[in-house]
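Here the structure is laid out as structure tokens; the discussion comes afterwards.
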Amino acid sequence: MRRRRMGIISLDSTLSLPMATQNPRVVVEEIGGLIRVYKDGHVERPHIVPRVMCTLPPELGVTCRDLVIDKFTKVWARFYVPKRNEKLPLLVYFHGGGFCVGSAAWSCYHEFLAILATKVGCVIMSVDYRLAPENPLPAAYEDGQKALMWLKQQALSASSNKWWLNHYCDFSSVFLGGDSAGGNIAHNVTLRLGADWAQLKPLILKGNILIQPFFGGEARMSSEKFMVQPPGSALNLEASDTYWRLSLPKGANRDHEWCNPGAKRSMKWERMRYMVCVSEMDILKDRNMEFGGLLRNIGIEVEDVVYKGVGHAFQILDKSQVSQVRTQEMIADIKAFININININRNRR
């Protein structure tokens with residue numbers, strides 16, 4: 001009962017205060033500023049990078065357009081089409097973000113890919129695939145395959161999209177590429193399609209361009225253990241481990257073949273030409289170099305390019321002078337790789 005004394009209300013000591021009826025959410029995984037996963041399955045992704053519309057300054061000379069790839073999964077793609085008088089090779093690009101964050105609409109990708117398209121002279125299809133942990137692997141690989149099958153249908157279709165894409169794209173010169181997790185996706189999509197290339201006709205794949213591809217393993221490599229990353233680095237070892245826990249199938253570890261391509265090769269590796277872009281200051285440096293060696297050991301042609309003095313994702317996140325110089329070098333290297341390979345005829349099985 002309550003007792004009133006001198007205008008002050010007090011509570012009887014035998015009564016207890018009401019208890020909270022709902023426990024606060026418990027965070028089980030977190031990468032600061034990028035993703036927070038709660039025990040109840042709720043996922044938060046702060047908007048640390050702005051999302052932008054598909055508009056570009058006219059002086060760049062690139063037309064941009066968003067198209068839905070799969071209405072059921074809501075997967076879509078952003079196209080970058082330079083103004084040219086001839087048909088251009090097509091680069092199907094997958095963004096990075098540890099399979100868990102990122103978007104084709106992120107401003108950093110929008111700017112980089114628009115410049116890449118005009119300087120290389122290629123059409124770019126930037127795929128916005130489903131993210132983990134809501135959609136763990138192989139969802140992103142499935143979306144990559146669907147993107148290619150969608151392209152095939154556009155090449156064969158009599159719809160208005162056929163006119164738009166066929167007017168600009170040379171579907172006989174298609175490349176797969178991406179950075180970080182996107183590089184992993186490009187590689188694993190290649191593996192999944194390797195047994196039956198004929199299913200893609202009239203598309204003809206000419207090569208893979210992997211920028212700092214995101215691979216891992218249970219045993220640590222030297223660059224993972226000893227490469228010191230500056231504060232705010234795009235990738236450190238703790239974040240890498242968290243991404244893999246969130247994206248791999250339940251019960252799998254980092255020696256799963258989707259993470260560690262050298263651990264097990266249950267599928268046939270197609271003799272696709274590869275370009276692997278490696279950053280000297282990236283914790284993934286040794287993984288990337290090992291991957292290039294693995295390709296060579298099984299007879300796959302690969303071009304390794306190491307960019308000095310820069311770290312992971314420098315081409316989209318670092319505006320320093322050295323990064324800008326290295327980005328221009330990377331764009332020139334990608335252009336050379338595409339130009340060399342568009343004239344190489346390969347029979348796909």
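Quick note: numbers below take in every heavy atom, side chains included, and nothing from hydrogens, waters or symmetry partners.
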Take Leu200 and Met149 through the side-chain contact (heavy atoms from CB on, under 4.5 Å) test and state the conclusion after the steps.
CA-CA 7 Å; Leu200 290 179; Met149 297 308 294; 3.7 Å; yes

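- At a cut-off of 3.5 Å, with distance as the only test, a side-chain donor of Gln212 or Ser279 sits close to an acceptor on the other residue.
- With respect to Lys285 and Glu280, no salt bridge is recorded, no charged nitrogen being found less than 4.0 Å from a carboxylate O.
- Both Ile48 and Val101 are members of a single hydrophobic cluster when ILVMFWY side chains are connected at heavy-atom separations under 4.5 Å.
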Working note: Asp333 + Tyr307, criterion side-chain hydrogen bond (donor to acceptor under 3.5 Å, both in side chains); need CA distance, chi angles, decisive distance, verdict.
CA-CA 11 Å; Asp333 292 336; Tyr307 299 94; 2.7 Å; yes

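- Thr73 is listed as a side-chain neighbour of Lys146, based on a closest heavy-atom distance under 4.5 Å.
- Note on ring orientation: taking the six-membered ring where Trp is involved, the planes of Phe175 and Phe337 are perpendicular (angle over 60°, cut-offs 30° and 60°).
- The backbone N or O of Val26 sits nowhere less than 3.5 Å from a side-chain atom of Lys39 that would complete a donor-acceptor pair.
- With 3.5 Å as the limit, one finds no donor-acceptor pair spanning the side chains of Ser107 and Arg51.
- Counting non-hydrogen atoms of other residues, nucleotides and ligands closer than 6.0 Å to NE2 of His42 gives a total above 12.
- Taking OG1 of Thr242 as the reference point, atom CD1 of Ile35 lies at 9.5 Å (rounded to 0.5 Å).
- Taking CG of Leu151 as the start and SG of Cys169 as the end, the distance is 7.5 Å to the nearest 0.5 Å.
- Atom CD1 of Ile124 and atom CG of Leu113 lie 5.0 Å apart (nearest 0.5 Å).
- Between Asp128 and Lys74 there is no salt bridge, since no side-chain N of the basic residue sits under 4.0 Å from a carboxylate O of the acidic one.
- Residue His47 holds its NE2 atom at 12.5 Å from CG of Leu34, rounded to the nearest 0.5 Å.
- Considering only heavy atoms from C-beta on, Gln315 comes within 4.5 Å of Ile211 through its side chain.
- Side-chain contact check for Val75 versus Trp150: every heavy-atom pair is 4.5 Å or farther apart.
- When all heavy atoms of Gly98 and Ala181 are compared, the closest pair comes out as N-CB, 3.6 Å.
- Judged by distance alone, the side chain of Ser223 and the main-chain N or O of Ile283 form a donor-acceptor pair under 3.5 Å.
- With hydrogens and angles ignored, the 3.5 Å screen pairs no side-chain donor or acceptor of Arg45 with any backbone N or O of Gly102.
- Between the side chain of Asn184 and the main chain of Phe214, a donor-acceptor pair closer than 3.5 Å is present.
- Checking side-chain atoms of Lys152 against main-chain N and O of Gln199 turns up a donor-acceptor pair under 3.5 Å.
- Side-chain contact between Arg65 and Val81 is absent, with no heavy-atom pair separated by less than 4.5 Å.
- Here the CG atom belonging to Asn135 is positioned 12.0 Å from the OG atom belonging to Ser247, to the nearest 0.5 angstrom.
- Between Glu224 and Arg287, at least one side-chain N (NZ, or NE/NH1/NH2) sits under 4.0 Å from a carboxylate O, which counts as a salt bridge.
- In this structure, Val325 is not a member of the same hydrophobic cluster as Phe112, with clusters built from ILVMFWY side-chain heavy atoms closer than 4.5 Å.
- Hydrophobic clustering, with ILVMFWY side chains joined whenever heavy atoms are under 4.5 angstrom apart, keeps Leu284 apart from Leu237.
- Counting heavy atoms from C-beta outward, Ile204 and Val174 have side chains that stay 4.5 Å or more apart.
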Using the rule given for side-chain contact (heavy atoms from CB on, under 4.5 Å), can you reason through Ile115 versus Val62, listing the C-alpha separation, both sets of side-chain angles and the distance that settles it, and then say yes or no?
CA-CA 9 Å; Ile115 294 172; Val62 177; over 6 Å; no

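- Donor-acceptor pairing under 3.5 Å is recorded for the side chains of Tyr109 and Asp179.
- By the 4.0 Å N-to-carboxylate-O rule, Arg25 lies close enough to Asp40 to be salt-bridged with it.
- When every heavy atom of Val43 is checked against every heavy atom of Pro133, the shortest pair comes out as CG2-CG, 3.9 Å.
- Just one of Glu329, Gln328, Gln324 meets the side chain to side chain donor-acceptor pair (under 3.5 Å) condition when paired with Arg326; it is Glu329.
- Shortest non-hydrogen contact noted between Cys122 and Leu88 is CA-CB, 4.1 Å.
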Yes or no on side-chain contact (heavy atoms from CB on, under 4.5 Å) for His187 and Tyr274, after CA distance, side-chain angles and deciding distance?
CA-CA 9 Å; His187 170 64; Tyr274 275 73; 2.7 Å; yes

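- A heavy-atom distance below 4.5 Å is not found between the side chains of Ile31 and Glu238.
- Taken from CG in Leu90 to OH in Tyr168, the straight-line distance is 14.5 Å, to the nearest 0.5 Å.
- Looking at Ser180 and His312, their side chains do bring a donor and an acceptor atom within 3.5 Å of each other.
- Ion pairing of Asp286 with Arg220 is absent here, as no side-chain N (NZ or NE/NH1/NH2) approaches a carboxylate O to less than 4.0 Å.
- Closest heavy-atom contact between Cys259 and Arg254: SG-O, 3.2 Å.
- When only modelled atom types and interatomic distance are considered, Tyr38 and Glu44 share a side-chain donor-acceptor pair under 3.5 Å.
- Few gaps surround CD on Glu86; more than 12 heavy atoms of other groups in view lie less than 6.0 Å from it.
- Closest of all the heavy-atom pairs between Gln154 and Asn166 is O-OD1, 4.2 Å.
- Both Val123 and Leu67 are part of a single hydrophobic cluster, where members link through side-chain heavy atoms under 4.5 Å apart.
- Looking at Phe79 and Thr63, their side chains never come closer than 4.5 Å, going by heavy atoms from C-beta outward.
- Side-chain contact between Cys64 and Thr55 is absent, with no heavy-atom pair separated by less than 4.5 Å.
- The ring-ring contact (aromatic ring centres under 6.0 Å, His included) test with Phe99 singles out one residue from Trp244, Trp258, Tyr129, and that residue is Trp244.
- With hydrophobic clusters built from ILVMFWY side chains whose heavy atoms lie under 4.5 angstrom apart, Met221 does not share a cluster with Met281.
- Using a distance-only test at 3.5 Å, with no hydrogens or angles considered, no donor-acceptor pair links the side chain of Ser240 to the main chain of Asn236.
- Within the 3.5 Å criterion, the main-chain N or O of Val278 finds no donor-acceptor partner in the side chain of Asn288.
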Begin with the C-alpha distance, continue with both residues' side-chain angles, and end with the deciding distance and a verdict on side-chain contact (heavy atoms from CB on, under 4.5 Å) for Asp70 and Asp143.
CA-CA 9 Å; Asp70 188 321; Asp143 293 343; over 6 Å; no

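- Shortest non-hydrogen contact noted between Asn341 and Arg273 is OD1-CD, 2.6 Å.
- Between Trp76 and Asp66, the side chains place no donor N or O within less than 3.5 Å of an acceptor N or O (distance only, hydrogens not considered).
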Applying salt bridge (charged side-chain N to carboxylate O under 4.0 Å, His left out), run through Lys206 and Glu301 and close with a yes or a no.
CA-CA 12 Å; Lys206 290 295 185 70; Glu301 297 180 54; over 6 Å; no

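- Between the Asn260 side chain and the His256 main chain, no donor and acceptor come within less than 3.5 Å of each other.
- In this structure Ser320 satisfies the side chain to side chain donor-acceptor pair (under 3.5 Å) test together with Asp318, Ser323, sequence neighbours excluded.
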